[in-house]
Protein chains: 2
Amino acid sequence: MPDQHSLAEVERATRERVQHLPLDFTASHALLSLYRAANAVRGRLTNSVLRPNDLTWTGFLVLWTLWIWDSMETREVAESVGISKGTLTGVSKTLLSRGLLERIPSTVDRRLVNLKLSPEGVRLMEQIYPEFNKTESTVVGDLDKVQLTSMTDALRTLVETSERY
Amino acid sequence: MPDQHSLAEVERATRERVQHLPLDFTASHALLSLYRAANAVRGRLTNSVLRPNDLTWTGFLVLWTLWIWDSMETREVAESVGISKGTLTGVSKTLLSRGLLERIPSTVDRRLVNLKLSPEGVRLMEQIYPEFNKTESTVVGDLDKVQLTSMTDALRTLVETSERY
DNA sequence: GGATTATTGTTCGGATCCAAACGATTGGAA
DNA sequence: TTCCAATCGTTTGGATCCGAACAATAATCC
């Protein structure tokens, strides 16, 4: 692993730097850990599973979402994956060109376009996801059941609080 | 808030879709929550604090890192922020053009370049960070002290496990 | 000491990413 | 029916973002 400053070191340095300000260090450290953890997990999954299959993180999330929900309007896919509509247009173009996706224009409302996994897309997900999930399992392997459940609950609360507005 | 499927809905659909496979759903749900939370928090902080000040998330992290550690080699900054060296070159160009950063070539090793906040960069951080931290505090406000500490610990474990290799 | 190896920051190509502007379409109000 | 506001997916411009290739420099080997 790189010589990245450990989280503990960063926190100590932070306190020294802004000691005189009335800050919420607990919040700051929690969210720094959150950001680092998300980044680390994403990198790990990307390198070990996605890149060998020539998939990007976002591309995989789009495929996974369509795999779970079968068919969706592009607007819903973007929301579900957490990217903008414009970004989805680009990503789905990439996946479309690889034959992993199908576009199905709505007959009811001609503004709408539905996305759907192609048979090849389904095959790819059936092949990749077990491997992806195995790595996920490894990544959380150092947490016991109580810690993991508690963390998941806390993260859900964070999502709700952050998105409230 | 958008009509994004709730985490609970996604989890239910996931189980139905891949029920027949021997998967670790607990791990999957935990990491889905992790990804969503990081995204939501990042978006919230970006929209409420960073964008009004014309800063990107990564740009802010670079400034913040240099604020905490005073002066660093570019390699260290990239590692600390969690981006590649090539990305840092681009981001620091942007910050440099705004006069928030200074480049200090090393006299000892002419391959090295140190980065440092300019006086204006320091002023900007002193102005922005209290506001940034206030929003951080709000975001974690629905978690009690025990939950927050426990979550932070779990996230740290996740970072270590993910980066181990 | 000369050749090889390693490391640094930059450049490059290609994919993401966003907000804003846009044309097309829809649905409601006058 | 005829505007008119709302919503869809796309396009645009600009900033990230990465891995790989690169030139310059430093360290190591023999």
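A side-chain donor from one of B:Ser84 and B:Thr87 sits under 3.5 Å from a side-chain acceptor of the other. A donor atom on one side chain and an acceptor atom on the other are found under 3.5 Å apart for A:Thr161 and B:Asp142.
The backbone N or O of B:Thr157 sits nowhere less than 3.5 Å from a side-chain atom of B:Glu160 that would complete a donor-acceptor pair. The main-chain N or O of A:Leu66 is never found under 3.5 Å from a side-chain atom of A:Asp70 such that the two would form a donor-acceptor pair.
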Using a cut-off of 4.0 Å between protein heavy atoms and nucleotide atoms, how would you tag nucleotides 17-26 of chain D 5' to 3' with B, S and -?
BBS----BBS
Would A:Thr138 and A:Arg44 satisfy side chain to side chain contact (heavy atoms under 4.5 Å, CB included), going step by step from the backbone distance to the final call?
CA-CA 11 Å; A:Thr138 302; A:Arg44 170 72 173 272; 3.9 Å; yes
CA sep, side-chain torsions, deciding dist, call: B:Trp57, A:Tyr35, ring pair (Phe, Tyr, Trp, His ring centres under 6.0 Å)
CA-CA 11 Å; B:Trp57 176 258; A:Tyr35 175 61; 5.4 Å; yes
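Distances shown here put a side-chain N or O of B:Lys93 below 4.0 Å from the OP1 or OP2 atom of C:dT11. When the side-chain nitrogen and oxygen atoms of A:Thr94 are compared with OP1 and OP2 of C:dT16, one or more of them lie within a distance under 4.0 Å. For the pair B:Thr74 and C:dG9, the criterion of a side-chain N or O lying under 4.0 Å from OP1 or OP2 is met.
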Indicate every side-chain donor-acceptor pair of residues 22-33 of chain A with a distance under 3.5 Å to a residue at least two apart or in another chain.
unit_1: A:Asp24; atom_1: OD1; unit_2: A:Thr26; atom_2: N; d: 3.3
unit_1: A:Asp24; atom_1: OD1; unit_2: A:Ala27; atom_2: N; d: 3.0
unit_1: A:Asp24; atom_1: OD2; unit_2: B:Ser137; atom_2: OG; d: 2.6
unit_1: A:Ser28; atom_1: OG; unit_2: B:Tyr129; atom_2: OH; d: 3.1
unit_1: A:His29; atom_1: ND1; unit_2: A:Phe25; atom_2: O; d: 3.4
unit_1: A:Ser33; atom_1: OG; unit_2: A:His29; atom_2: O; d: 2.9

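Computed from coordinates, the B:Glu76 CD to C:dG9 P distance equals 9 Å when rounded to whole Å. Note: CZ (B:Arg75) to P (C:dA6) measures 17 Å, nearest angstrom. Across the protein-nucleic acid pair, B:Glu79 atom CD and C:dT7 atom P stand 12 Å apart, rounded to whole Å. To the nearest angstrom, C1' of D:dG9 lies 16 Å from CD1 of A:Ile104. Between the CZ atom of A:Arg98 and the C1' atom of C:dA15 there is a distance of 13 Å, rounded to whole Å. Atom CG in B:Leu61 sits roughly 12 Å away from atom P in D:dT16 (whole-Å rounding). In this structure, CG of B:Asp54 is placed 17 Å from P of C:dC18, rounded to the nearest angstrom.
Heavy-atom distances to DNA chain D give each of A:Arg103 and B:Leu95 a nearest nucleotide, and the one nearer the 5′ end belongs to A:Arg103.
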